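Accompanying notes for the structure given below.
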Amino acid sequence: MRLQRHVLNPILKPDPLHNWESRFVFNPAVAYDGELFHMIYRAQGEDMVSRLGYAVSIDGVHFKRLNEPVFEPANDDELYGVEDPRITKIDDYYYMLYTAYAPAGPRVALARTKNFFIWKRFGKILTDEENKDAALFPEKIGGKYVLLHRIPPDIWLAYSDDLINWTDFVRIASPRKNKWDDLKIGAGAPPIKTEYGWLLLYHGVQKAERAIYRLGFMLLDLKDPTKVLKRTEEPILEPEESWEKFGGVPNVVFSDAMVEYEDKYYVYYGGADTVIAVATIEKKKVYEWIKS
Ligand code: BMA
C-alpha cells in the first residue's frame with residue numbers, strides 16, 4: 001500500500017517576491033468544506049521565522065495564495081515561530097493546533113476561526129514541557145474531546161471537556177526497533193473516521209546520520225482510541241523525489257493533512273521542508289489493508 005504522488009508536484013513553492021515565504025513553504029493543514037480546499041501552510045523567509053500563509057483551491061491541486069501571512073507569532077511563546085498547523089472542524093469552527101516555538105522549546109497551542117482570516121487565540125494548552133504534533137479528533141469520544149500529541153518519542157492522547165484544559169494523558173504508540181520508525185513518531189493529520197476505526201496518518205523518523213522522515217497509517221479503535229488495532233509495517237510514502245531528498249532539511253516527507261475527496265484520501269505534505277506536495281490513495285485500497 002503506497003500513496004501516489006500527483007504529477008503536478010510540487011504544488012506550492014517558496015515565492016521569492018514575498019519576504020516571509022521566500023525560502024521554504026511546507027507542512028500545511030488542509031480543510032475541505034465541500035466546495036473549496038482551504039490550505040494553511042507553514043512558511044519561512046529571510047528571517048527564518050515560521051508564519052502561516054493561506055491558499056485556496058477548487059480541485060485540491062491548483063492553489064492560489066495571498067500576498068501576506070494570515071497567522072503570525074504574537075508573543076514571546078512564539079518568538080521563533082508558529083509551525084506545523086493541523087486543522088479539525090468541530091461544530092461551527094475550524095480548530096487549529098500548532099507548534100508555538102518558544103526559546104525554551106516547542107509547545108502545543110490552539111486557535112480557532114470560521115474563515116481562516118480572523119482567529120481567536122487560546123495560547124499554549126498542554127503542560128509546559130516539550131510537546132508538538134498535536135491533532136484533534138473531529139468529534140467527542142465517550143463524552144470527551146480527544147487530542148493526539150507527542151511527548152518524545154511517543155504518540156499520546158489527552159482528554160478534555162472544553163478543548164482548553166487537557167488531562168488523562170495516555171501513551172498509545174512508540175517507535176519500533178529496527179524499523180523505519182525506530183527513533184520517534186508523531187501524528188500526521190487529524191484522524192478520519194471509517195467504519196473500521198479511526199484512520200491516523202503518522203510520521204516515523206529513522207535513526208541515521210541524517211534522520212529520515214516517512215509516513216505510515218495506524219488504525220485506532222472507534223470507541224477507545226488508546227487501542228491501536230493496526231499499523232503499517234512498511235511506510236506508505238518515503239523520500240524518493242529530488243525535492244523530497246534535497247532541500248532545507250533533506251530526506252523528509254512530513255504531513256499534517258489528509259482530506260477525503262470523492263473516492264480517495266488526499267495527503268498534503270512538505271518535501272524536504274521546502275515545498276508542498278500532494279499524494280493520494282483510493283479509500284478502497286486502505287480498507288483492503290485494514291481487512292487484510
Ligand atoms: C520536525 C518538525 C517538522 C519538520 C521535521 C523535519 O521536528 O520540525 O516541522 O518537517 O522536523 O525537519
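Ligands are counted one by one from 1 in listed order, and the atoms in each one are counted from 1 as well. Please read these numbers as outputs of a predicted model, since none were measured by experiment.
Look at R51 and E21 and you find no salt bridge, because none of the NZ, NE, NH1 or NH2 atoms lies under 4.0 Å from a carboxylate O.
The closest protein non-hydrogen atom to atom 6 (C) of ligand 1 is D273 OD2, 3.5 Å. Of the protein's non-hydrogen atoms, Y213 OH, 3.2 Å is the one closest to atom 11 (O) of ligand 1. Shortest contact from atom 8 (O) of ligand 1 to any protein heavy atom: K132 NZ, 3.6 Å.
Here the straight-line distance linking atom CD1 of I155 with atom CG of L200 works out to 5.5 Å at 0.5 Å rounding.
Counting heavy atoms closer than 4.0 Å to ligand 1, residue N27 contributes side-chain atoms (C-beta onward) but none from N, CA, C or O.
Both the sub-6.0 Å distance and the 45° axial angle are not jointly satisfied by K144 relative to the ring of Y159. Cation-pi geometry between K114 and Y93 is satisfied (NZ or CZ under 6.0 Å from the ring centre, within 45° of the ring normal).
In this structure, H203 and F254 have tilted ring planes: the angle between them lies in the 30° to 60° band.
Atoms of ligand 1 lying under 4.0 Å from at least one heavy atom of D84, given by number and element, are 2 (C), 3 (C), 9 (O). Each of the following atoms of ligand 1 lies closer than 4.0 Å to a heavy atom of V249: 12 (O).
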